[in-house]
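Since this is a predicted model, take the numbers as computed values, not measurements.
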Amino acid sequence: MKKQNMKKTNKGRELKVILAIFLAAFLLMIVYLCWFLLAESESFVNNPYNKRIDALAEKTIRGSILAEDGTVLAYTEPLEGGEDLRVYPFRSEYAHAVGYLGYGKLGLENTANFYLLRSHDATGKRLRHAFTGEKNMGDSLVTTLNPALQDAACRALSDYKGAVIAMESETGKVLAVVSKPDFDPNTIAETYEALSQDNESASLLNRATQGRYAPGSTFKILTTLVYMHEYPRTICINIHGYVYKYPRRCARISTAMCTDIHGNAHKCPRAICTNIHGL
């Protein structure tokens, strides 16, 4: 009798353990699903590989893309027959930053595709459009691009190959993105084949984000910051070339011998001075 009672007790405990494990797993799954829906769902939906987003274009007029001051960089013009025409007022100036729509997507038209096709119109208005078949107005995307800086960078590059990126150091805001050679996104349907086969100019390549360039002298800023962090009370150089050896001031070095990229030595008006450790 005692053995039978012990067996029943053990079975009861095993059953309770199994039920507790399944209950905990079920609760964890519910918590994960809630977290996913609230925090991660939009990033998955907005994935460029999600082809279901394009189905929203049948019910939504694609939203506009704006600069930080409200300047319209891209908008949709409804046509007869339910078709839409994407218009880029600045033509090639924002070609790589804003991108294009048609023959795939590029730039913000690609990365913000879901947000441009999502509508926050009034609920009653959306319900009415559902019955009438009208399209809802998509949300607008406000960027941090500065039209004045963008125009200056575009004119500075002119016809040269290269890229310009201007950022706000305190916040990381991207103020200007220019890549040359560029193209007109308004005519991408007619010019895409020629542009995609032009390997010499590679106009479709966004050199600002996809180009591979050596950091060059810009990396010296990082090494200088590392030294200043490690030896904060050793040396200071002001913008006029005066060198200070803490706490005493040393003489100004007005010239020094520099070597150019061809290995030729010549005098420089501003010297690159070594620190007190000889580095």
Given the side-chain rings of F183 and Y100, with only the six-membered ring counted for Trp, is the space between their centroids under 6.0 Å?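 Judged by ring-centre distance (under 6.0 Å), F183 and Y100 do meet the cut-off.
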
Are the charged groups of [X] and [Y] less than 4.0 angstrom apart, N to O?
{"X": "R86", "Y": "E109", "answer": "yes"}
{"X": "D121", "Y": "R126", "answer": "no"}
{"X": "K135", "Y": "D84", "answer": "yes"}

What's the spacing between T71 OG1 and L73 CG if we round to 0.5 Å?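 If we round to the nearest 0.5 Å, T71:OG1 and L73:CG are 7.0 Å apart.
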
Taking all non-hydrogen atoms of both residues into account, name the closest pair between I188 and L101 and its distance.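 Reported closest heavy-atom pair: CG2-O, 4.1 Å.
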
Kindly give the heavy-atom pair with the smallest separation between Q150 and L175, and that separation in Å.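 Between these two residues, the closest heavy atoms are OE1-O, 4.5 Å.
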
Contact between P185 and V98 at the side-chain level, heavy atoms closer than 4.5 Å - yes or no? no

Please examine the side chains of P78 and I61, heavy atoms only from C-beta on, and report whether any two atoms are closer than 4.5 Å. yes

In terms of ring plane angle, is the pair Y32 and W35 parallel, tilted or perpendicular, where the classes change at 30° and 60°?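 Tilted.
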
Please work out whether the ring planes of Y192 and Y103 are parallel, tilted or perpendicular, with thresholds of 30° and 60°.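 Ring orientation, 0 to 90° scale: parallel.
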
Flag for N113-R62: side-chain donor and acceptor within less than 3.5 Å: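 A donor-acceptor contact under 3.5 Å links the two side chains.
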
Just by distance, with hydrogens left out, do E168 and T171 show a side-chain donor and acceptor under 3.5 Å apart? yes

Only one of L145, L141, V72, T143 forms a side-chain contact (heavy atoms from CB on, under 4.5 Å) with L66, so which one is it?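 So the option named by the test is V72.
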
